[in-house]
K.L.:
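I have a structure here, written as structure tokens, and I will follow up with some questions on it.
Scope of the values below: all heavy atoms of this structure, side chains included, with no hydrogens, waters or symmetry mates.
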Amino acid sequence: MRILCIDDEPLMRKMVELAVKEAKPDADVQVFERQADLLKSAEDDGCDIALLDIHMRGMNGVDLARMLKGINPKMNIIFVTGFSEYKGDAMDLKASGYIMKPVTKEKVAAELEDLRFPIVPKKDALLRVQCFGNFDVFTPDGEHVHFERSRSKEVFAYLVHRHGSSCTTREICAALFEDAPYDKKQQNLIQTTITSLISSLKKIGAEAAITRSYNALAVNVDVLDCDYYRFAELDAGAVNAYQNEYMSQYYWAEFFFDDY
């Protein structure tokens, strides 16, 4: 979780920093005096939550929030102020919260527990998935995941591509084998491939990355740290990482990003 804070008064800035770090000690907390510096950090490295003082010299917090929403509409904005007259403007921006000064650990914690756009923790993800460039899969400690069959890896790639949607074996075959008839031989091949995929994931304790139902399966997006999913959420780091290549080794993914 990355939290950016700003206040142009040194004492208030320190108070906000301490309160946020006490409320969320495992978060990456960055504190700024200048609006331009905070904006650049949000553009370059992303931001999950921004705590913005409303009354500042130059650009006020409401205008800064509008610019941050332009970077990421799902960024959680929490306004911090000693005045209440801007509360209507704050709510018009669909802010996550509004903290009246003095800022305390308890006030920050209460707002972080009730975010408009909840943050899904990725540090506990079972797998890290790379879609930009060549498709690849890693364990949380950075080791490549070995798939027993190349087609098993491709099936997993296709399920990741479908972003949690349930896919029948017929749909998977149509994507991977295109014009091949969906006959008994093809059905046996895809079932063998899926069994191999489940086996490969089970060996590394990541079988929960796949959910299965009768004749269909899907990825469990909640246990994946995936650059494509972060891109879809307008995470700045993922957006900057995209270089017009998406799952380059698979022809069925070739035109997916044409509209971006």
K.L.:
Can you check whether Met1 reaches Asp26 side chain to side chain, under 4.5 Å on heavy atoms?
P.N.:
no
K.L.:
Scan for side chain to side chain donor-acceptor pair (under 3.5 Å) pairs involving residues 136-147, sequence neighbours excluded, and state none if there are none.
P.N.:
Asp136-His144, Asp136-Lys153, Thr139-Asp141
K.L.:
Verify the cluster assignment for Leu126 and Val160: are they in a single hydrophobic cluster under the rule of side-chain heavy atoms below 4.5 Å apart?
P.N.:
yes
K.L.:
Considering only heavy atoms from C-beta outward, does the side chain of Glu9 approach that of Arg57 to under 4.5 Å?
P.N.:
yes
K.L.:
Looking at residues at least two apart in the chain, or sitting in another chain, which of them share a side chain to side chain contact (heavy atoms under 4.5 Å, CB included) with Ala19?
P.N.:
Val103, Val108
K.L.:
Just verifying a value: how many Å separate Glu154 CD and Ile172 CD1, rounded to the nearest 0.5 Å?
P.N.:
10.5 Å
K.L.:
Kindly give the heavy-atom pair with the smallest separation between Pro102 and Lys107, and that separation in Å.
P.N.:
O-NZ, 2.9 Å
K.L.:
Count I, L, V, M, F, W, Y as connected when their side-chain heavy atoms are under 4.5 Å apart, and connections chain through other members. Are Tyr250 and Leu159 then in the same cluster?
P.N.:
yes
K.L.:
Taking side chain to side chain contact (heavy atoms under 4.5 Å, CB included) as the test, write out the residues that go with Ala180, two or more places apart.
P.N.:
Phe177, Gln186
K.L.:
Can you sort out the partners of Arg149 under side-chain hydrogen bond (donor to acceptor under 3.5 Å, both in side chains), two or more places apart, ordered by chain and number?
P.N.:
none
K.L.:
Any chain of hydrophobic side-chain contacts (each under 4.5 Å) joining Tyr251 to Val155?
P.N.:
yes
K.L.:
Please evaluate residues Asp37 and Lys40 with respect to the criterion salt bridge (Lys or Arg N to Asp or Glu O under 4.0 Å), reporting the C-alpha separation (whole Å), side-chain torsions for both, the decisive distance (0.1 Å), and the verdict.
P.N.:
CA-CA 5 Å; Asp37 293 337; Lys40 186 175 188 310; over 6 Å; no
K.L.:
Flag yes if more than 12 heavy atoms outside Lys24 fall under 6.0 Å of its NZ atom; otherwise flag no.
P.N.:
no
K.L.:
Do the side chains of Leu4 and Leu68 get nearer than 4.5 Å, heavy atoms only?
P.N.:
no
K.L.:
Distance from Tyr98 atom OH to Ile54 atom CD1, nearest 0.5 Å?
P.N.:
4.0 Å
K.L.:
Evaluate the side-chain proximity of Thr169 to Tyr182: yes if any heavy-atom separation is below 4.5 Å, no if none is.
P.N.:
yes
K.L.:
Mind checking what makes side-chain hydrogen bond (donor to acceptor under 3.5 Å, both in side chains) contact with Lys105, not counting sequence neighbours?
P.N.:
none
K.L.:
Do you know which two heavy atoms are closest between Gly164 and Tyr229, and how far apart they sit?
P.N.:
N-OH, 4.4 Å
K.L.:
Can you classify the ring geometry of Phe147 versus Phe156 as parallel (below 30°), tilted (30 to 60°) or perpendicular (above 60°)?
P.N.:
tilted
K.L.:
Going by side-chain hydrogen bond (donor to acceptor under 3.5 Å, both in side chains), name the residues that satisfy it together with Arg128, two or more places apart in sequence or in a different chain.
P.N.:
none
K.L.:
With the side chain counted from C-beta on, respond yes when Met12 and Asp53 share a heavy-atom pair under 4.5 Å apart, and no when they do not.
P.N.:
no
K.L.:
Look up atom CG in Asp28 and atom CG in Asp48, then write down how far apart they are to the nearest 0.5 Å.
P.N.:
9.5 Å
K.L.:
Checking Arg170 now: which residues fulfil salt bridge (charged side-chain N to carboxylate O under 4.0 Å, His left out) with it, not counting sequence neighbours?
P.N.:
none
K.L.:
Would you give the length of the straight line joining atom SG of Cys173 to atom CD of Gln187, rounded to the nearest 0.5 angstrom?
P.N.:
8.0 Å
K.L.:
Mind checking what makes ring pair (Phe, Tyr, Trp, His ring centres under 6.0 Å) contact with Phe135, not counting sequence neighbours?
P.N.:
none
K.L.:
Are Val29 and Leu18 connected in the hydrophobic side-chain network, where two residues link if heavy atoms are under 4.5 Å apart?
P.N.:
no
K.L.:
Flag the pair Met15 / Val80 as yes when at least one side-chain heavy-atom distance between them is below 4.5 Å, and no otherwise.
P.N.:
no
K.L.:
Could you state whether Leu52 and Val62 fall into the same hydrophobic cluster, counting links through intermediate Ile, Leu, Val, Met, Phe, Trp or Tyr residues with side-chain heavy atoms under 4.5 angstrom apart?
P.N.:
yes
K.L.:
Restricting to non-hydrogen atoms, name the atom on Asn76 and the atom on Arg116 that form the minimum distance, rounded to 0.1 Å.
P.N.:
OD1-N, 3.4 Å
K.L.:
Say you draw a straight line from OG of Ser41 to CZ of Phe32; how long is it, rounded to the nearest 0.5 Å?
P.N.:
3.5 Å
K.L.:
What residues, two or more places apart in sequence or in another chain, satisfy side-chain hydrogen bond (donor to acceptor under 3.5 Å, both in side chains) together with Gln130?
P.N.:
none
K.L.:
Under the rule for side chain to side chain contact (heavy atoms under 4.5 Å, CB included), what residues qualify as partners of Gln35, not counting sequence neighbours?
P.N.:
Ile6, Met56, Met59, Leu64
K.L.:
Looking only at the side chains, is there a donor atom on one of Thr168 and Asn215 sitting less than 3.5 Å from an acceptor on the other?
P.N.:
no
K.L.:
Taking all atoms of both residues into account, what is the closest heavy-atom pair of Glu111 and Gly97, and its distance?
P.N.:
OE1-CA, 3.2 Å
K.L.:
For Ser213, enumerate each residue passing the side chain to side chain contact (heavy atoms under 4.5 Å, CB included) test, keeping only those at least two apart in sequence or located in another chain.
P.N.:
Ser166, Ala216
K.L.:
Show me, pair by pair, the donor-acceptor contacts under 3.5 angstrom made by side chains of residues 192-205, not counting sequence neighbours?
P.N.:
residue : atom : partner : partner atom : Å
Thr192  : OG1  : Asn188  : O            : 2.9
Thr193  : OG1  : Leu189  : O            : 2.8
Thr195  : OG1  : Gln191  : O            : 2.9
Ser196  : OG   : Glu148  : OE1          : 3.3
Ser196  : OG   : Ser152  : OG           : 3.3
Ser199  : OG   : Glu148  : OE2          : 3.2
Ser200  : OG   : Glu148  : N            : 3.2
Ser200  : OG   : Ser196  : O            : 3.1
Lys203  : NZ   : Glu148  : OE2          : 2.8

K.L.:
Within this structure, what is the CD1-CD1 distance for the pair Ile78 and Ile3, rounded to the nearest 0.5 Å?
P.N.:
7.5 Å
K.L.:
Got Glu17 and Asp7 here, is their nearest side-chain heavy-atom distance under 4.5 Å?
P.N.:
no
K.L.:
Restricting to non-hydrogen atoms, name the atom on Ile49 and the atom on Leu112 that form the minimum distance, rounded to 0.1 Å.
P.N.:
CD1-CD2, 3.5 Å
